[in-house]
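To find a chain, count down the sequence lines: A is the first, B the second, and so on, and within it residues start at 1. We use all heavy atoms of the structure for the numbers below, so side chains are in, but hydrogens, waters and symmetry mates are not.
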Amino acid sequence: MEREGLPELKNAEHGKVITRFPPEPNGYPHIGHAKAAIINSEYAKMYGGKFILRMDDTNPEAERMEYHAAIKVGLEWLGIEFDTVKNTSDDMELFYEKGIELIDSNMAYICTCKREDISQNRRERRACKCSTDDIVKNKKNWEKMNKKFKPGDAIVRFRGDMKADNAVMRDPVLFRIIDGKHYTLGEKYRIWPSYDMAVAIEDSIDGVTHAFRSKEFELRKELINAILDALNMRKPAQDFFSRLEFKGMPISKRIIKPLIEEGKVSWYDDPRLPTLEALRRRGIKPEAIKKFIMSLGLTKANTLAPFDTLEAFNRKLVDANSIRLHMVNNAKKITVKNLPISTVEIPNHPVNDLGKRRVEIDGDFYISGDDAQNIKNGMQVRLLNLGNVNITNDGIELGGEFIENGDAKDIPKIQWVPQKTAHKIKMIIPKTLFNGDEFNEDSLEEIEVYTEPHYLQLKEGEEVQFVRYGYCRKDSQNQAIFTHK
RNA sequence: GCUCCUAUAGUGUAGUCCGGUUAAGCAUUUUGGCUUCUCAAGCCAAAGACUCGGGUUCAAAUCCCGAUGGGAGCACCA
């Protein structure tokens, strides 16, 4: 059986599937976000269901509007559409209600132990004294968390199982005190639900039927189910997929931030990064990302994806409407005599009708240094779209004589740019940022090249193919970024 | 250390639940050819894999046991 796209879901009814993508607005969106968003959104689409974007914003210390906005921009660029957009923090009152319910039913208690002690007890699978406090005392302490206690003084813990093999189940945190200013709610609340509490409640009340998360959350599944059971709430099906990273391209802010601060990387849109913004600048199309991610499947095996697969998808997308332009690198001069014409019309694409451009010529050209080295005296070469030339090369100066009606078959073909109108641009070539753990000091190559003046008429962001060189994205009038071959 | 997840060609995957129909399909990569006024695209072809060791069975990539490699968790981050 041939399978289109993602594997079938268990217990999925057409029209009734609800999925969600819950990013935390604590950084710029990257390829990993794209994977989670695309998989969840594709499943909703596949079953004619609904898809929710939920900003998971329950840690005021980490979250910022800047990131919130960047995530929205990134998702829009990817072309992902949502039926509902919400914030986890919209439901603070509900979290409190459910939290109190857990305390009332003795499924949760307030713990006032020191952080280190809690950690050690977890490791040693020992309960602490607080776990035996009665409901009355717990309720009193809950009130105190609102004002009297300082951050770190007290937390609400779920009554799991301190002896459990799954360490996540050893009385995990449900609520903690954070005094920081939340990016949308300010100082309205200071008791914040933990990830597990928030996700459990949210997925349940949002009607999420299938939740797909990356593998590092796998151990949380048991806890989320336990919380929901304790509350008598509906449980979504949970499944997991491997994290997506590219070789040598760090995803974590912990690594990227210092690079930016040290000036080793310009910003989150530096084309060497796997952020969505960077991929966009580099010339990768959203559709290519989608196809690429779908081709990865739902495996739980670790993936260190090869960038060239992404490039292959992109090349196929971009080829049909990338204008072909001449560009020369490491330019060498050549003067061609006996040119019978002063202008030549060149098609913008070999097979598709993308128009033509008129190029003025006077016999003085630039060609690429590599080509100049390979052409010998007496040789015949084809100046692409122009005609054949008999080369004279005395070792110092390159010259040539135009041959009318030369046959293009079986002779070297090279691209050229008229000296008079040549437009100089900077070509940026992104390479792998890291070799293992080593920062690659040569990860960004910049070269000065000449291109046809027609380049100036292209829109910014347009993809072009520099003939015999590769696909590049116009970054500005004076700069292009190498996308791939 | 404990627990969980995972293991198919250079790379990424399909197949593994329900053992035989596939001596393993697809994509990428590499190489060769056709086409072409590009070293692109398109078309054709070739190369290349079931981690290891036991067991069950007429039959195992698929089931069981063990080993080994890789990843994750053991946060008042998500």
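Within 4.0 Å (heavy atoms only), A:Leu384 reaches at least one base atom of the nucleic acid. Within 4.0 Å (heavy atoms only), A:Phe217 reaches at least one base atom of the nucleic acid. A:Ser119 comes within contact range of the sugar-phosphate backbone alone, with a heavy-atom separation under 4.0 Å but no base atom that close. Nucleic acid contact for A:Ala312: sugar-phosphate only, since backbone atoms but no base atoms lie under 4.0 Å from a heavy atom of the residue. Looking at heavy-atom distances under 4.0 Å, A:Gln465 makes contact with a base.
Checking B:rA9 for Watson-Crick or G-U wobble geometry (two distances, each under 3.5 Å) identifies no partner in any strand. In this structure, B:rA60 forms no base pair with any nucleotide, since neither Watson-Crick nor G-U wobble geometry is met with both distances under 3.5 Å. Applying the Watson-Crick and G-U wobble criteria (two distances, each under 3.5 Å), B:rU35 pairs with nothing in any strand. Using the Watson-Crick or G-U wobble rule with both distances under 3.5 Å, B:rG1 pairs with B:rC74. Within the shown strands, nothing qualifies as a pairing partner of B:rC18 under the Watson-Crick or G-U definition with both distances less than 3.5 Å. Under the Watson-Crick or G-U wobble criterion, with both distances below 3.5 Å, B:rA67 is paired with B:rU51. With both pairing distances under 3.5 Å, B:rA46 is matched to B:rU30 as a Watson-Crick or G-U wobble pair.
Under 4.0 Å is where a charged nitrogen must lie from a carboxylate oxygen, and between A:Lys114 and A:Glu116 no such pair does.
Residues A:Met162 and A:Met169 are not in side-chain contact: their nearest non-hydrogen atoms beyond the backbone lie 4.5 Å or more apart.
The nucleotide whose nearest atom lies closest to any side-chain atom of A:Arg176 is, among B:rA78, B:rC39, B:rA75, B:rA78. Closest to the side chain of A:Arg315, out of B:rA41, B:rG12, B:rG71, is B:rA41. Ranking B:rC77, B:rA40, B:rU13 by closeness to the A:Thr299 side chain, first place goes to B:rU13. Of the listed nucleotides (B:rC76, B:rA40, B:rA78), B:rA78 has the atom at the smallest distance from the side chain of A:Tyr195. Among B:rU6, B:rA78, B:rU29, the nucleotide with an atom closest to any side-chain atom of A:Asp308 is B:rU29. Side-chain atoms of A:Asp319 lie closest to B:rA40 of the nucleotides B:rC74, B:rA40, B:rC4. Closest contact between the side chain of A:Pro306 and the listed nucleotides B:rU6, B:rC74, B:rU11 involves B:rU11. Here the nucleotide nearest the side chain of A:Ser194, chosen from B:rU36, B:rA78, B:rG12, is B:rA78.
Each of A:Phe212, A:Phe241, A:Tyr195, A:Phe240 was checked for a ring pair (Phe, Tyr, Trp, His ring centres under 6.0 Å) with A:Phe217, and the lone residue meeting it is A:Tyr195. Considering A:Asp196, A:Asp171, A:Leu174 as possible partners of A:Phe158, the one that fulfils the side chain to side chain contact (heavy atoms under 4.5 Å, CB included) test is A:Leu174. Partner of A:Ile31 under the side chain to side chain contact (heavy atoms under 4.5 Å, CB included) criterion, chosen from A:Ile293, A:Leu273, A:Thr275, A:Ile284: A:Ile293.
The phosphate of B:rU11 has neither OP1 nor OP2 within less than 4.0 Å of any side-chain N or O from A:Thr309. OP1 or OP2 of B:rA78 sits under 4.0 Å from a side-chain N or O of A:Thr58. Side-chain nitrogen and oxygen atoms of A:Thr303 include at least one within less than 4.0 Å of the OP1 or OP2 phosphate oxygen of B:rU13. Phosphate proximity of B:rA72 to A:Arg243: absent, as no side-chain N or O sits under 4.0 Å from OP1 or OP2. A close approach under 4.0 Å does not occur between any side-chain nitrogen or oxygen of A:Arg468 and OP1 or OP2 of B:rU36. For B:rU36, neither phosphate oxygen OP1 nor OP2 lies less than 4.0 angstrom from any side-chain nitrogen or oxygen of A:Arg324.
Atom C1' of nucleotide B:rU11 and atom CZ of A:Phe246 are separated by 13 Å, given to the nearest angstrom. Here the C1' atom of nucleotide B:rG73 and the CD atom of A:Glu222 are 12 Å apart, to the nearest Å. Residue A:Leu6 contributes atom CG, which lies 14 Å from atom P of B:rU13 at whole-angstrom precision. The distance between atom NZ of A:Lys300 and atom P of B:rA7, rounded to the nearest whole Å, is 9 Å. Counting to the nearest Å, the P atom of B:rA72 and the CZ atom of A:Arg213 are 17 Å from each other. When the P atom of B:rG69 is taken as reference, atom CG of A:Leu304 falls 20 Å away, rounded to whole Å. In this structure, A:Asn166 atom CG and B:rG1 atom P are separated by 19 Å, rounded to whole Å. Atom pair A:Asn385:CG and B:rA40:P shows a separation of 17 Å (rounding to whole Å applied).
Of the residues near RNA chain B, A:Arg220 and A:Lys485, the one whose nearest nucleotide (by heavy atom distance) lies more toward the 5' end is A:Lys485. Residues A:Asn302 and A:Phe466 both approach RNA chain B. Their nearest nucleotides, taken by heavy-atom distance, put A:Phe466 toward the 5′ side.
Rounded to the nearest Å, the gap between the C1' atom of B:rU56 and that of B:rA75 is 45 Å. Taking atom P on both B:rU30 and B:rC39, the two are 15 Å apart, rounded to the nearest angstrom. Using C1' as the reference atom, B:rA9 and B:rG15 are 15 Å apart when rounded to the nearest Å. With both ends at atom P, the span from B:rG25 to B:rG1 equals 41 Å, rounded to whole Å. For B:rU22 and B:rC74, the C1' atoms lie 43 Å apart once the distance is rounded to whole Å. Separating the P atom of B:rC43 from that of B:rC26 is a span of 14 Å, rounded to the nearest Å. Taking atom C1' on both nucleotides, B:rA14 is separated from B:rA27 by 11 Å, rounded to a whole Å. B:rG70 and B:rC65: their P atoms are spaced 23 Å apart (whole Å).
Aromatic pair A:Phe51/A:Phe21: centroids not less than 6.0 angstrom apart.
The cationic atom of A:Lys474 (NZ for Lys, CZ for Arg) lies less than 6.0 Å from the six-membered ring centre of A:Tyr455 and within 45° of the ring axis.
With hydrogens and angles ignored, a donor-acceptor pair under 3.5 angstrom links the side chain of A:Arg382 to the base of B:rC37.
With A:Trp192 contributing its side chain and A:Pro60 its backbone, the two residues share no donor-acceptor pair below 3.5 Å.
Ring planes of A:Tyr28 and A:Tyr268: parallel class, angle under 30° (limits at 30 and 60°).
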